[in-house]
Enquirer: 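Quick one: structure below, then a few questions.
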Amino acid sequence: MFTAFLIKYAEIGVKGKNRYLFEDALVQQIKYALKRCEGEFKVHKTQGRIYVDALTAFDFDETVDNLKTVFGISGICPVVYVEDEGFEKLCERVVQYIDDVYPDKNKTFKIMARRARKNYPLDSMEINREMGGAVLDAYPEMKVDVHKPDIELNIEVREKIYIYSEMIPGPGGMPIGTAGKAMLLLSGGIDSPVAGYMIAKRGVKIDAVYFHAPPYTSERAKQKVADLAKLVSRYTGPIYLHVINFTDIQLYIYEKCPHEELTIIMRRIMMRIAEQIAKETECLGLITGESIGQVASQTMHSLAATNEVCTMPVYRPLIGFDKQEIVEAAEKINTYETSILPYEDCCTIFVAKHPVTKPNLNMIKKHEKNLEEKLDELIKTALETDELMIVQCDR
Ligand code: ATP
Ligand code: MG
């Protein structure tokens, strides 16, 4: 019965001359999400509101599920359009609408009319009153409540007349493309996909980098990361995933540095490489899935040591989250099942039995001097052999 959706968005921060940028980005992201759905749609802005009109038959649940992936949408209202065939006919349609949507009539309601087309014979107050009466005549068990009704029945008089009363919550946030771009360090774990999702939710476009260490990490491990990027791209749009071959660097650290410092030194080099790619691709920051105290390399001391190599801001949206909270977020965005597949991770293969939890930066820097001879060359080679995958979600 529904033929369209009214898209509600939070208006905080989108007043004034930035508003159209926000709206245009939102329209574009809605179009991107709808490409994955059966049917054809028209997305349009009419008098400061965004509507999705179905031009053909469509699958309601599939369409709503996809609209729920668009950041910036705070609510999705399914709309019925009716032709203007006079007020009496309109009341009949509204009575029918109530029957279709609310089989249980034991509810309070309020009519909220908006007369956007001023030549309509009744003004909004008159519509509210007359239509309220018609509904009460049809369903005597219903009651009017103008303060806190169960049903807010919106009637918008435009070229056609729009009827809607339900709002399905959207993801909130800001549309992708309204806030620049950042580079996500994406591993195969649970945390980093969630971290990318959270930053993207603020409107940030995401690129990603994965450090791969063949043959210690398999093709399947790499495929898993690409699969995760694909799941995240449902929300973020296409992701440019840089796969960096990290094997020689890792073996070199293993050979030259104390094993309890391996993870920290490796993380520092990953950050340096990620930052270089980020700079070349116009990213304004790095994103990781770190959370204080989760593992030895994420104590405050370790994070300070890792962070020390970066000149760009590093966004760590999970910093104060417990593992359980991260797992719940991963389940919600549908990355959890893929994240827990048991393929090896380059960090776990070279991990020491007793990694330092309070690295001393001077010691780390001293030991990194052991890498002086070849490290720059190895980083250069790793960057030159960057394998770029463009990952996007189809259906
Ligand atoms: P996750 O669950 O995100 O995989 P993790 O629990 O494995 O993280 P660490 O291995 O300490 O934790 O990694 C911390 C962060 O460093 C990750 O969230 C990710 O952002 C980044 N990272 C770790 N390994 C890699 C890798 N191989 N490629 C890209 N980024 C990585
Ligand atoms: Mg982690």
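Numbers here are sequence positions counted from 1.
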Enquirer: Checking Pro169 now: which residues fulfil side chain to side chain contact (heavy atoms under 4.5 Å, CB included) with it, not counting sequence neighbours?
Expert: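 Per chain and number, Pro169 pairs via side chain to side chain contact (heavy atoms under 4.5 Å, CB included) with no residue.
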
Enquirer: Is Glu85 salt-bridged to Arg93, going by a charged N under 4.0 Å from an acidic O?
Expert: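 No, Glu85 and Arg93 are not salt-bridged.
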
Enquirer: Quick one about Glu275 and Thr311 (side-chain donor to acceptor, distance below 3.5 Å, no hydrogens or angles considered), yes or no?
Expert: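 Yes, because at least one side-chain N or O of Thr311 sits under 3.5 Å from a partner of the opposite role on Glu275.
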
Enquirer: State which residues pass side-chain hydrogen bond (donor to acceptor under 3.5 Å, both in side chains) with Asp150; sequence neighbours excluded, sorted by chain then number.
Expert: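 Checked Asp150 against side-chain hydrogen bond (donor to acceptor under 3.5 Å, both in side chains); matches are Thr108.
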
Enquirer: Does Met125, at its CE atom, have more than 12 non-hydrogen atoms belonging to other residues, nucleotides or ligands within less than 6.0 Å?
Expert: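 No.
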
Enquirer: Assess the pair Phe22 and Tyr9: is the distance between their ring centroids shorter than 6.0 Å?
Expert: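 Centroid distance Phe22-Tyr9: below 6.0 Å, so yes.
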
Enquirer: Using side chain to side chain contact (heavy atoms under 4.5 Å, CB included) as the criterion, list what pairs up with Ala305, not counting sequence neighbours.
Expert: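 Side chain to side chain contact (heavy atoms under 4.5 Å, CB included) check on Ala305 returns Ile264, Pro359, Leu361.
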
Enquirer: So, Lys45 and Asp24, do they make that salt bridge, N to O below 4.0 Å?
Expert: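 So Lys45 pairs with Asp24 through a salt bridge.
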
Enquirer: Could you check whether Gln294 and Asp191, counting side-chain N and O atoms only, form a donor-acceptor pair closer than 3.5 Å?
Expert: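 Result is yes, a qualifying pair exists.
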
Enquirer: Taking ring-ring contact (aromatic ring centres under 6.0 Å, His included) as the definition, give me every residue that meets it alongside Tyr162, ordered by chain and number, with sequence neighbours left out.
Expert: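 Scan of Tyr162 (ring-ring contact (aromatic ring centres under 6.0 Å, His included), adjacent residues dropped) gives Tyr51, Tyr81.
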
Enquirer: Can you establish whether the number of heavy atoms outside Glu40 located under 6.0 Å from its atom CD is more than 12?
Expert: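 Atom CD in Glu40 is not packed in, count stays at 12 or less.
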
Enquirer: Strictly distance-based, threshold 3.5 Å: is any side-chain N or O of Asn370 a donor or acceptor partner for the main-chain N or O of Lys256?
Expert: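 Yes, Asn370 side chain to Lys256 backbone: donor-acceptor pair under 3.5 Å.
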
Enquirer: Look at the side-chain heavy atoms of Ile, Leu, Val, Met, Phe, Trp and Tyr, link any pair under 4.5 Å apart, and say whether Met270 and Val209 land in one connected group.
Expert: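 Per the 4.5 Å side-chain linkage, Met270 and Val209 are co-clustered.
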
Enquirer: Apply side chain to side chain contact (heavy atoms under 4.5 Å, CB included) to Ala116 and list each qualifying residue two or more places apart in sequence or on a separate chain.
Expert: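 Only Gln47, Arg158 meet the side chain to side chain contact (heavy atoms under 4.5 Å, CB included) criterion with Ala116.
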
Enquirer: According to side-chain hydrogen bond (donor to acceptor under 3.5 Å, both in side chains), who are the partners of Asn154, at least two apart in sequence or on a separate chain?
Expert: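 Partners of Asn154 by the side-chain hydrogen bond (donor to acceptor under 3.5 Å, both in side chains) criterion come out as none, since no residue qualifies.
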
Enquirer: Return each pair, listed once, that meets salt bridge (charged side-chain N to carboxylate O under 4.0 Å, His left out) where at least one residue sits in residues 194-214; pairs must be two or more places apart or across chains.
Expert: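 Listed by first then second residue: Lys181-Asp207.
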
Enquirer: Identify, with sequence neighbours excluded, every residue that meets side-chain hydrogen bond (donor to acceptor under 3.5 Å, both in side chains) alongside Asp376.
Expert: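 Asp376: no side-chain hydrogen bond (donor to acceptor under 3.5 Å, both in side chains) contacts found.
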
Enquirer: Which pairs, with at least one residue in residues 298-319 and sequence neighbours excluded, count as a salt bridge (charged side-chain N to carboxylate O under 4.0 Å, His left out)?
Expert: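 Sorted pair list: Arg268-Glu308, Glu290-Arg316, Glu308-Lys365.
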
Enquirer: Not counting sequence neighbours, which residues clear ring-ring contact (aromatic ring centres under 6.0 Å, His included) with Phe2? List them please.
Expert: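 If we apply the ring-ring contact (aromatic ring centres under 6.0 Å, His included) test to Phe2, skipping adjacent residues, the hits are Phe60.
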
Enquirer: Given Met167, which partner from the list Ser74, Pro78, Cys77 fulfils the side chain to side chain contact (heavy atoms under 4.5 Å, CB included) test?
Expert: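 Running side chain to side chain contact (heavy atoms under 4.5 Å, CB included) over Ser74, Pro78, Cys77 with Met167 returns exactly one hit, Cys77.
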
Enquirer: What ring-ring contact (aromatic ring centres under 6.0 Å, His included) pairs are there with at least one residue in residues 97-142, not counting sequence neighbours?
Expert: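 Matches after skipping sequence neighbours: none remain.
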
Enquirer: Could you give the distance from CE (Met389) to OH (Tyr240), rounded to the nearest 0.5 Å?
Expert: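 Met389 atom CE to Tyr240 atom OH measures 13.5 Å (nearest 0.5 Å).
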
Enquirer: Quick one: does Thr357's side chain have a donor or acceptor within less than 3.5 Å of a partner on Ala296's backbone?
Expert: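 Pair absent, no side-chain N/O of Thr357 close to backbone of Ala296.
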
Enquirer: Taking the basic N atoms (NZ, or NE/NH1/NH2) and the acidic carboxylate oxygens, is any pair closer than 4.0 Å for Lys118 and Asp123?
Expert: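 No.
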
Enquirer: So, Glu156 and Tyr164: side-chain donor and acceptor under 3.5 Å apart, yes or no?
Expert: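 Side-chain D/A pair, Glu156 to Tyr164: present.
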
Enquirer: Could you pull out all residues at least two apart from Lys374 that satisfy side-chain hydrogen bond (donor to acceptor under 3.5 Å, both in side chains)?
Expert: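 For Lys374, no residue satisfies side-chain hydrogen bond (donor to acceptor under 3.5 Å, both in side chains) once neighbours in sequence are set aside.
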
